[in-house]
Colleague: 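One structure follows; several queries about it will come next.
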Amino acid sequence: MRQALAGKVIVIDAGHQLGNHNFPAEINRPVPAGGFSKPCNTTGTATNGGYAEATFAWQVTLRLKAKLQKAGATVVLTRKSNREDRWGPCVDVRGRAGNARNADLKISIHGDGSLASGAHGFHVIYPSDRAPWTDDIHEPSRRLAQVTKDSLVRKGFSVATYIAGGDGLDERSDLGTLNLSDVPVVMLEAGNMRDRGDAAVMSSATGQATYARALARAVRTFLR
């Protein structure tokens with residue numbers, strides 16, 4: 001049977017690391033982020049019940065990795081574990097991941113932590129047109145963001161009600177993970193982990209599997 005993604009290289013960036021909070025000196029040191037510096041990383045957010053963003057991102061990443069590999073892709077992960085005794089990698093390392101491999105695309109998986117009343121839903125972030133950093137990947141990244149959004153909506157997920165102008169797409173120039181990429185890249189904020197409804201989906205195996213199916217479909221659509 002023909003493998004639809006044979007020969008493709010996909011980078012999956014599982015946001016944060018479970019142990020980041022145990023290494024404040026390491027994650028707070030400044031690193032290059034595309035013409036300016038930012039802290040190496042952050043602790044990430046969590047549900048009100050304590051389910052960590054890092055764990056959510058890791059679980060979706062593992063499911064997505066399996067689907068992409070089954071379709072023939074080579075999958076590169078920016079981190080190899082989800083552990084309390086590990087930290088990073090920093091955003092500059094994440095941003096450059098896949099560049100040397102000439103990857104076909106990169107998806108960074110996160111969850112948001114807004115405390116705004118009623119804030120829920122996902123949004124997809126893509127890099128702005130900013131020379132000399134992202135002008136070469138702006139347009140393909142914007143298209144990747146659109147197909148990612150469309151795929152998530154098809155799987156029943158709702159776009160964010162509180163950010164990105166209400167259309168689920170957000171163009172940003174301040175993220176090292178995007179700015180340092182030489183391949184098309186998006187960052188998914190898969191939902192608001194502080195919202196009870198989003199949290200229930202994001203912390204469930206069923207919800208994580210649905211995110212992975214949506215993202216796998218987005219990858220296939222983008223690479224047609």
Side-chain angles (χ1 to χ4, degrees), residues 8-17 20 23-45 53-54 56-58 60-61 64 74-80 87-114 122-149 152 159-160 163-165 167-190 215 218-219 222-223:
K8 303 298 185 182
V9 178
I10 312 299
V11 179
I12 312 175
D13 174 45
H16 310 285
Q17 169 60 274
N20 275 0
F23 298 89
E26 288 83 355
I27 69 168
N28 286 319
R29 68 179 178 87
V31 298
F36 52 89
S37 296
K38 294 193 77 167
C40 160
N41 212 306
T42 67
T43 61
T45 189
E53 176 188 358
F56 163 75
W58 182 245
V60 174
T61 290
L64 177 57
T74 297
V75 178
V76 177
L77 303 185
T78 60
R79 63 177 167 108
K80 306 298 193 296
W87 62 273
C90 297
V91 295
D92 58 328
V93 174
R94 294 170 184 267
R96 296 188 179 104
N99 290 356
R101 297 285 298 272
N102 196 27
D104 293 276
L105 63 87
K106 175 165 54 186
I107 296 178
S108 184
I109 300 172
H110 290 258
D112 204 8
S114 175
F122 77 87
H123 64 285
V124 187
I125 305 168
Y126 62 98
S128 62
D129 185 348
R130 182 169 166 261
W133 302 100
T134 52
D135 52 321
D136 55 336
I137 63 165
H138 167 71
E139 280 301 320
S141 296
R142 184 183 60 79
R143 186 168 70 85
L144 177 58
Q146 183 67 59
V147 299
T148 300
K149 171 195 164 180
L152 287 160
V159 297
I163 198 169
D167 69 353
L169 298 174
D170 194 14
E171 180 181 306
R172 289 178 60 175
S173 61
D174 62 322
L175 299 173
T177 301
L178 306 185
N179 288 343
L180 298 177
S181 181
D182 292 333
V183 304
V185 58
V186 295
M187 180 180 292
L188 170 65
E189 296 285 2
L215 293 174
V219 169
F222 179 78
L223 294 176

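Note that the coordinates shown come from a computational prediction; the quantities given were computed from them, not determined experimentally. The first residue of the sequence shown is numbered 1, and numbering continues consecutively from there.
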Colleague: With rounding to the nearest 0.5 angstrom, report the CZ to CG distance, R79 to N41.
Modeller: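 That separation rounds to 9.0 Å.
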Colleague: The test is side chain to side chain contact (heavy atoms under 4.5 Å, CB included); show your working for V183 and V11 and say whether it passes.
Modeller: CA-CA 10 Å; V183 304; V11 179; 5.7 Å; no
Colleague: I need the K106 NZ to S141 OG distance, nearest 0.5 Å.
Modeller: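 Output value for this atom pair is 9.5 Å.
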Colleague: What distance separates D129 CG from E171 CD, expressed to the nearest 0.5 Å?
Modeller: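 Going from the CG atom of D129 to the CD atom of E171 covers 7.5 Å.
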Colleague: Quick check for you: to the nearest 0.5 Å, what is the distance between D170 atom CG and Y126 atom OH?
Modeller: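 Nearest 0.5 Å value for the CG-OH distance: 8.0 Å.
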Colleague: Would you please say whether a donor-acceptor pair under 3.5 Å links the side chains of T42 and H16?
Modeller: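 The answer is yes; a qualifying pair exists.
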Colleague: For residues K38 and D174, determine if any side-chain heavy atom of one lies less than 4.5 Å from a side-chain heavy atom of the other.
Modeller: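 Side chain of K38 against side chain of D174, heavy atoms only: contact under 4.5 Å found.
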Colleague: In Å and rounded to the nearest 0.5 Å, what is the CG to CG distance from L223 to L105?
Modeller: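 Atom-to-atom, L223:CG and L105:CG are 5.0 Å apart.
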Colleague: Can a donor-acceptor pair be found, under 3.5 Å and without considering hydrogens, that links the side chain of E189 to the backbone of H123?
Modeller: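 Side chain of E189 to backbone of H123, a donor-acceptor pair under 3.5 Å: no, none is there.
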Colleague: If only atom types and distance count, is the side chain of N99 paired as donor or acceptor with the main-chain N or O of L180 below 3.5 Å?
Modeller: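 Here the side-chain-to-backbone pair exists.
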Colleague: Output, in order, the C-alpha distance, side-chain angles, deciding distance and verdict of side chain to side chain contact (heavy atoms under 4.5 Å, CB included) for H110 and D13.
Modeller: CA-CA 9 Å; H110 290 258; D13 174 45; 4.3 Å; yes
Colleague: On a heavy-atom basis, which atom in A14 and which in R94 lie closest, and how many Å separate them?
Modeller: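 Smallest interatomic distance, heavy atoms only, reads O-NH1, 2.9 Å.
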Colleague: Roughly how far, to the nearest 0.5 Å, is CG of N179 from CD1 of I137?
Modeller: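 Between I137 CD1 and N179 CG, I get 8.0 Å after rounding to 0.5 Å.
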Colleague: Please tell me if the side chains of R143 and Q146 come closer than 4.5 Å, counting only heavy atoms from C-beta onward.
Modeller: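 Answer no - side chains too far apart.
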Colleague: Answer whether the closest heavy-atom distance between the side chains of D135 and R130 falls below 4.5 Å.
Modeller: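 No; the side chains remain at least 4.5 Å from each other.
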Colleague: Considering only heavy atoms from C-beta outward, does the side chain of L178 approach that of W133 to under 4.5 Å?
Modeller: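 Sidechains of W133 and L178: no contact.
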Colleague: Which atom pair, heavy atoms only, marks the closest approach of V185 to P127?
Modeller: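 Result for this residue pair: O-CD, 3.4 Å.
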Colleague: Would you mind reporting whether V219 and L144 have side-chain heavy atoms less than 4.5 Å apart?
Modeller: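 Answer no - side chains too far apart.
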Colleague: Grab the two heavy atoms, one from P89 and one from T78, that are nearest each other, plus how far apart they are.
Modeller: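 For P89 and T78, the tightest heavy-atom pair comes out as CG-O, 3.2 Å.
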Colleague: Please tell me if the side chains of V9 and V76 come closer than 4.5 Å, counting only heavy atoms from C-beta onward.
Modeller: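 In contact.
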Colleague: Only one of I12, I10, L64 clears side-chain contact (heavy atoms from CB on, under 4.5 Å) with L215; which?
Modeller: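 Option passing the side-chain contact (heavy atoms from CB on, under 4.5 Å) with L215: L64.
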Colleague: Show the nearest heavy-atom pair for residues L77 and V75, with the distance to one decimal.
Modeller: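 Taking L77 first and V75 second, the nearest heavy atoms are CD2-CG1, 3.9 Å.
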Colleague: Side chains of K149 and L169: does their closest heavy-atom pair fall under 4.5 Å?
Modeller: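 Of all side-chain heavy-atom pairs linking L169 with K149, at least one is under 4.5 Å.
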Colleague: Show the nearest heavy-atom pair for residues C40 and W87, with the distance to one decimal.
Modeller: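 Closest approach of C40 to W87: SG-CZ3, 3.8 Å.
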Colleague: How close do A57 and G15 get, heavy atom to heavy atom, and via which atoms?
Modeller: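 Closest pair (atom of A57, atom of G15, distance): CB-N, 3.6 Å.
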